[in-house]
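As structure tokens, the structure follows; a few thoughts come after it.
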Amino acid sequence: MNMNPSEMPKAFDPQAIEAGWYARWEADGLFIADAHSKKPKYTICLPPPNITGALHMGHALNHTMQDICARYRRMAGYEVLYLPGTDHAAIATQNVIEKQLTAEGTTKEQLGREAFVERVDKWYREVGDTIVAQDKILGISLDWTRLRFTMDERYVRSVMTAFVAFYERGWIYRAPRIVNWCPHDQSAISDLEVDWQEHHDTLYYIRYPVEGGGEVVIATVRPETMLADTGVAVNPTDERYRSLAGKTAILPLVGRKLPIVADAAVEKDFGTGALKVTPGHDSMDYEIGQRHSLEVINGMHPDGRMDVPGLPYDGLPALEARERVVADLKAEGFLVKEEPYTHEVGHCDRCHAVIEPLVSEQWWLRMETMRDKALAASAAGKVRWHPERYERTYLDWLRGLRDWNIGRQLWLGHRVPVYNCDNGHQIVAVERPNRCTECGSSRLTQDPDVLDTWFSAALWPFATLGWPEETDDLKAFYPNSMNSTAREIINLWVSRMIMTGLEFMGEVPFSDVAIHCVVQTPEGQRQSKSLGTGMDPRQLIAKYGADAVRAWAASVAMSSQDVRFDESRIEGYRRFCNKLWNATRLVLSSPGSPSAEARLGVLEAQEHLEDRWVLSRLANASTAATAGIEGFEFQDAIGAAYAFAWNEFCDWYLEAAKERLRAGDAVAQDVAYFCLDKVLRLLHPFMPFVTEELWSRLPGHPDYVMRAEWPQQQDKFVDPAAEESFAQVMRIVEEVRAHRQAAGAPPRGGSLKLEHPIDRVVATLSARLAWVELVDDIEGGIPLAATPGRVTFPSGGEGDARRKAELKRLKEELERTGAKLANPEFRAKAPPEIVRKLEERAAELRAAIDRLE
RNA sequence: GGGCGGCUAGCUCAGUUGGGAGAGCGCCAGCUUGACAUGCUGGAGGUCGGGGGUUCGAAACCCUCGCCGCCCACCA
């Protein structure tokens with residue numbers, strides 16, 4: 001696998017190096033988890049993407065951060081299971097397919113159920129393949145031997161088992177309730193699937209005559225629903241309507257008698273303070289109706305047309321009915337006034353149709369017990385959230401939790417495992433029974449409803465591992481370790497996994513939840529396919545390579561705010577790959593090869609200043625990178641590795657050690673190889689392809705970097721004295737360079753005299769790096785601020801401008817520092833350590849100013 | 001109606017116990033320096049959204065105002 005450095009192309013080419021590695025890792029089984037391993041376990045179940053289309057930037061972010069965790073833990077000695085899967089996403093997929101059918105000029109009804117299901121299966125296969133391919137080019141190290149799909153036979157069995165278990169606990173019941181009805185999908189949806197949008201509508205004031213004389217005026221934005229009114233309500237404390245409660249109003253256009261009730265839910269300040277009660281079409285009205293035993297009238301068909309037999313509006317779509325009702329009210333003198341009104345209207349979050357609240361018979365799941373367990377688990381600190389603030393989002397929602405409408409009236413999804421026999425008995429069972437357990441009848445029909453997609457998703461952390469069977473995987477890999485996702489599904493998904501995990505497995509499903517940010521367009525818009533503002537990660541990968549895209553993802557994923565997409569940042573990471581590439585070329589080009597110790601990464605501390613310094617900085621970077629990954633602060637982790645690799649190892653160490661490397665100096669070679677070896681390991685979780693490629697080119701690396709040990713604490717290399725000395729070198733070199741440019745002198749040449757006392761090693765190294773000759777004495781020259789000394793250049797001016805600017809800067813700083821030190825309160829109250837540091841700084845400044853003057 | 005987040009260099013963003021304002025990109029200037037021009041070197045650029053407060057000291061903590069965004073919520 002090793003190659004001569006001369007065979008390494010001069011420039012890093014992501015396409016060329018990324019191609020082969022994934023297949024090799026996979027072929028060698030590097031992603032496959034062993035349930036019988038003795039190592040500690042680390043488990044991530046990939047949040048199953050909806051099978052509705054290709055992966056987008058949010059997925060790229062999420063999968064990258066999970067993959068960083070997975071790859072890091074493998075290197076750190078864990079047995080890692082990173083399990084992939086996809087979600088059938090019943091309502092979303094049905095919508096996608098229906099849209100396609102509409103475009104083809106047909107409907108699912110024309111197609112028929114069987115052909116529809118076939119078409120969906122084909123879609124599942126195609127999109128499933130696309131998603132798998134995308135994760136592979138992104139380098140996501142998923143265990144494909146354990147790929148799951150929520151509609152797989154085994155998974156379906158888990159879902160049925162959960163339903164039956166809930167049913168046996170007495171938590172599942174069927175009841176009529178007001179629900180969010182989507183007239184387009186002709187299904188109920190849960191509160192969380194309702195998308196609220198601002199609408200500019202009209203508020204109509206309508207006169208309702210009162211029996212025995214008088215009237216009450218009522219404001220409504222949905223006059224068509226009055227056809228299903230069964231009461232009028234006022235607030236019991238409302239003086240204006242005190243005499244009305246108990247009387248009866250007459251419903252205009254219909255003539256129905258409406259009891260007038262007093263209910264505290266009525267807002268006195270809104271509209272006229274009187275409310276028409278339509279229990280069949282409004283959730284608050286429904287509750288008022290329940291409290292006062294008002295009749296419930298359903299005035300609408302499931303497709304959104306009015307269902308008011310005997311009235312002229314029967315069969316009209318809601319909006320048309322509204323116009324007709326308003327026109328008739330006006331004609332008959334019932335309409336008092338209209339005014340513009342802005343309010344929020346619920347839409348189906350999948351098909352965007354306006355939601356019609358209506359009463360419907362549905363399957364419900366009681367949540368009290370599970371909610372309480374989840375709250376207790378949080379109180380006991382079982383789940384850590386990153387960032388922490390999202391725990392409150394979750395807890396606030398949990399505390400207000402109501403029963404969950406788990407039934408959907410769709411063609412796609414898990415069928416509710418409830419069977420009715422023709423004698424009216426009901427059987428609830430995981431497997432479809434042959435005959436009724438009560439009467440033996442073989443004439444059974446299954447309930448037509450399917451389950452909410454989130455019902456099956458809620459089981460993901462254990463259903464994927466084989467639950468309810470006590471599989472080896474389940475024993476080894478539950479609970480999972482981390483879950484990361486977008487914040488919009490904290491309540492839809494994360495909270496429900498925690499509840500079902502506690503209920504069925506007795507333990508929270510994961511100890512850490514990381515919520516990543518949202519990537520917006522460069523203009524700050526939301527990325528969306530329908531708006532055409534979405535971005536395909538594959539295009540970016542083609543342009544910059546998967547490593548660059550991943551590194552960028554790591555650097556933004558846990559941002560405290562949503563980020564606007566900035567392509568230049570990805571490009572920056574591609575350049576970083578190129579930098580690593582060329583640093584490797586440089587090291588490989590030195591004659592000879594590293595010692596066995598360096599190859600094994602067991603180098604001992606060194607003598608040369610630059611060697612001691614770079615090893616100390618490497619130890620520092622290792623610690624920071626480790627802490628960053630473990631703390632879900634990936635930006636800090638990659639930042640530390642990046643800064644070390646580029647700004648310390650390349651910019652300073654390799655420059656300092658170049659000549660030794662060229663001369664085949666064994667020690668320099670060992671140190672350089674050692675640093676490269678470690679930095680490739682540190683970067684591997686972020687940039688797996690380029691690190692694997694470069695690792696394979698370093699001598700003594702028969703195995704994958706993916707399987708190399710993560711750099712542990714390297715305290716023996718921490719060397720404060722070397723860091724201090726090298727910092728002095730850097731200050732001197734940078735100052736000399738600045739003078740050189742200000743003086744317009746050529747890039748090399750000149751003389752440097754450094755006064756004693758100065759470390760001989762520091763002086764020599766500084767001179768070498770600054771391309772000046774170290775001399776014992778010089779005429780004139782430019783004084784240095786960094787240390788006592790002077791520098792001259794063979795041609796060009798004296799660089800006086802530069803000196804003056806520096807002097808000004810130093811004096812200003814001294815002034816600020818001096819002012820603080822002169823303040824007796826500062827001296828009295830500030831910690832002595834701070835005072836001492838400031839005094840030292842002031843002394844340094846004074847010395848530097850003296851030298852420059 | 002509640003709650004949360006953001007407002008730091010021209011742009012995109014870091015800044016974790018309050019104590020010398022940072023990175024990448026862009027910009028200006030100089031370098032075909034034997035790994036890399038996908039590079040190297042030097043440099044310009046910030047009243048840390050406004051105001052008030054706490055403190056010896058605030059980008060950071062408290063109050064308040066202003067925008068931008070998100071989540072939750074049964075006011076027709």
Side-chain angles (χ1 to χ4, degrees), chain A residues 5 8 10-12 178 191-192 196 203 218-222 225 233 265-272 274-278 282-288 341 343-344 357 387 389-390 392-393 396-397 400 487-488 490-491 517-518 520 522 524 526 552 555-556 559-569 571-589 631 633 635-636 639 642-643 647 650-651 654-655 658 661-662 734 737-742 744 746-748 771 802 805 813 816-817 820 823-831 833-835 837-838 841:
Chain A
M8 268 181 88
K10 197 166 150 185
F12 159 73
I178 191 111
D191 292 343
L192 288 172
W196 294 91
L203 190 60
I218 286 165
T220 178
V221 279
R222 303 178 65 211
T225 65
V266 180
E267 292 287 330
K268 287 189 282 190
D269 299 333
F270 187 87
T272 62
L275 173 73
K276 69 187 203 52
V277 184
T278 321
D282 183 280
S283 51
M284 189 175 91
D285 292 12
Y286 183 78
E287 287 174 16
I288 294 174
Y341 183 61
H343 64 143
E344 302 263 298
R389 65 184 132 93
Y390 288 115
R392 246 190 78 180
T393 304
D396 285 349
W397 180 79
R487 61 172 175 262
E488 62 184 5
I490 289 174
N491 296 329
C517 75
V518 174
Q520 304 169 336
R526 189 188 159 79
W552 163 78
S555 69
V556 302
S559 170
S560 62
Q561 57 183 321
D562 292 343
V563 295
R564 295 184 177 201
F565 181 70
D566 179 5
E567 198 164 323
S568 74
R569 290 184 69 176
E571 191 177 356
Y573 285 108
R574 190 194 57 184
R575 292 187 196 178
F576 178 53
C577 293
N578 186 61
K579 191 72 183 174
L580 285 176
W581 182 268
N582 279 290
T584 304
R585 280 181 61 208
L586 172 65
V587 175
L588 284 177
S589 68
E633 279 156 350
Q635 66 281 7
D636 294 346
Y642 179 102
N647 306 123
C650 290
D651 288 351
L654 289 181
E655 291 304 327
K658 224 177 221 177
L661 286 173
R662 258 184 229 135
E734 282 170 351
R737 282 173 182 162
H739 283 307
R740 184 191 296 283
Q741 293 223 2
R748 296 183 182 190
W771 294 103
R802 161 76 204 182
E813 195 186 333
R816 285 197 305 272
T817 310
K820 268 190 191 176
N823 182 349
E825 285 202 276
F826 172 74
R827 288 188 173 277
K829 295 181 180 171
E833 193 186 310
I834 298 292
V835 177
K837 261 175 70 179
L838 223 56
R841 180 65 188 153

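The sequence lines fix the lettering, A, B, ..., with proteins before strands; numbering per chain opens at 1. The figures that follow rest on heavy atoms only: side chains count, while hydrogens, waters and symmetry mates do not.
Atom C1' of nucleotide B:G57 and atom CD of A:E833 are separated by 16 Å, given to the nearest angstrom. Put simply, CZ on A:R574 is 17 Å from P on B:C36, counting in whole angstrom units. For A:K658 and B:G39, the NZ to C1' distance is 11 Å, given to the nearest whole Å. If you take CD of A:Q520 and C1' of B:G5, they are 12 Å apart, rounded to a whole angstrom. Between A:N582 atom CG and B:G34 atom C1' there is a gap of 13 Å when expressed in whole angstrom units. At whole-Å resolution of the value, CG in A:N578 and C1' in B:U38 are 5 Å apart. Computed from coordinates, the A:W581 CH2 to B:U38 C1' distance equals 13 Å when rounded to whole Å. Taking atom CG on A:D566 and atom C1' on B:C13, their separation rounds to 9 Å, with Å as the unit.
Using a 4.0 Å heavy-atom distance criterion, A:C577 is classed as making no nucleic acid contact. Residue A:R740 is classed as having no contact, given no heavy-atom separation below 4.0 Å to the nucleic acid.
Nucleotide B:A35 forms a pair with no other nucleotide shown, judged by Watson-Crick or G-U wobble geometry with both contacts under 3.5 Å. Of all nucleotides present, none satisfies the Watson-Crick or G-U wobble test against B:G46 with each distance under 3.5 Å. With a cut-off of 3.5 Å on both pairing distances, the Watson-Crick or G-U wobble partner of B:U12 is B:A23. Pair assignment for B:G57: none, as no Watson-Crick or G-U wobble contacts are both less than 3.5 Å. The pairing partner recorded for B:C70 is B:G3, the criterion being a Watson-Crick or G-U wobble arrangement whose two distances lie under 3.5 angstrom.
Side-chain nitrogen and oxygen atoms of A:R564 include at least one within less than 4.0 Å of the OP1 or OP2 phosphate oxygen of B:U12. OP1 or OP2 of B:C13 has not a single side-chain nitrogen or oxygen of A:R569 nearer than 4.0 Å.
Going from the C1' atom of B:C65 to that of B:G19 covers 29 Å, rounded to whole Å. Comparing the P positions of B:A9 and B:G49 gives a spacing of 8 Å, expressed to the nearest Å. B:A35 and B:G30 have their P atoms separated by 25 Å, given to the nearest Å. Between B:C74 and B:C68, the distance separating the two C1' atoms is 29 Å to the nearest Å. Here, B:G26 and B:G45 have their C1' atoms 12 Å apart, quoted to the whole Å. Remark: the separation of the C1' atoms in B:C62 and B:A14 is 25 Å, to the nearest Å. The separation of B:C61 from B:U16, taken at their P atoms, amounts to 9 Å, rounded to a whole angstrom. Spacing of C1' atoms, B:G10 relative to B:U17, comes out at 34 Å, to the nearest Å.
For the 3.5 Å distance criterion, the side chains of A:R575 and A:N578 fail to qualify, holding no donor opposite an acceptor.
Partners of A:D396 by salt bridge (Lys or Arg N to Asp or Glu O under 4.0 Å), not counting sequence neighbours, listed by chain and number: A:R392, A:R399. A:R574 is linked by a salt bridge (Lys or Arg N to Asp or Glu O under 4.0 Å) to A:E571, counting only residues two or more places apart in sequence or in another chain. Under the ring-ring contact (aromatic ring centres under 6.0 Å, His included) criterion, A:Y642 pairs with A:Y573, A:F576, A:W646, not counting sequence neighbours. Listed by chain and residue number, A:K658 satisfy the side chain to side chain donor-acceptor pair (under 3.5 Å) test with A:E655 (two or more places apart in sequence, or in another chain). Here A:R841 pairs with A:E813, A:E844 under the side chain to side chain donor-acceptor pair (under 3.5 Å) rule; sequence neighbours left out. Shown here are the side chain to side chain contact (heavy atoms under 4.5 Å, CB included) partners of A:Y341, two or more places apart in sequence or in another chain: A:L203, A:V221, A:F270, A:H343. Residues satisfying the ring-ring contact (aromatic ring centres under 6.0 Å, His included) test with A:F826, not counting sequence neighbours, are none. Contacts of A:D636 classified as side chain to side chain contact (heavy atoms under 4.5 Å, CB included), with partners at least two apart in sequence or in another chain: A:E633. Taking A:K579 as the reference, nothing meets the salt bridge (Lys or Arg N to Asp or Glu O under 4.0 Å) condition, with sequence neighbours excluded.
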Polar atom pairs between nucleotides 14-23 of chain B and protein, under 3.5 Å, N or O only, would you list them?
unit_1	atom_1	unit_2	atom_2	d
B:A14	OP1	A:S559	OG	2.1
B:A14	OP1	A:S560	N	3.3
B:A14	OP2	A:Q561	NE2	3.0
B:G20	N2	A:R841	NE	2.9
B:G20	N2	A:R841	NH1	3.3

Between the protein and nucleotides 41-47 of chain B, which nitrogen or oxygen pairs are less than 3.5 angstrom apart?
unit_1	atom_1	unit_2	atom_2	d
B:U41	O2'	A:Q741	NE2	3.3
B:U41	O2	A:Q741	NE2	2.7
B:G43	OP1	A:R802	NH1	2.7

field: Under 4.0 Å protein heavy-atom contacts per nucleotide of nucleotides 70-76 of chain B, with B for base, S for backbone only and - for none
entry: SSSBBBB

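Each of A:F565 and A:Y390 was matched to the nucleotide of RNA chain B holding its nearest heavy atom; the match closer to the 5' end belongs to A:Y390. When each of A:K579 and A:W771 is assigned the nucleotide of RNA chain B with its nearest heavy atom, A:W771 is the one assigned upstream, toward the 5' end.
Within 6.0 Å of the CD atom in A:E833, the count of heavy atoms belonging to other residues, nucleotides or ligands does not exceed 12.
Under a 3.5 Å cut-off, the side chain of A:R569 and the backbone N or O of A:V556 do not form any donor-acceptor pair. Checked by atom type and distance alone, the side chain of A:R827 never pairs as donor or acceptor with a backbone atom of A:V835 at under 3.5 Å.
Using a 4.0 Å cut-off between charged side-chain N and carboxylate O, A:D562 and A:R487 make a salt bridge.
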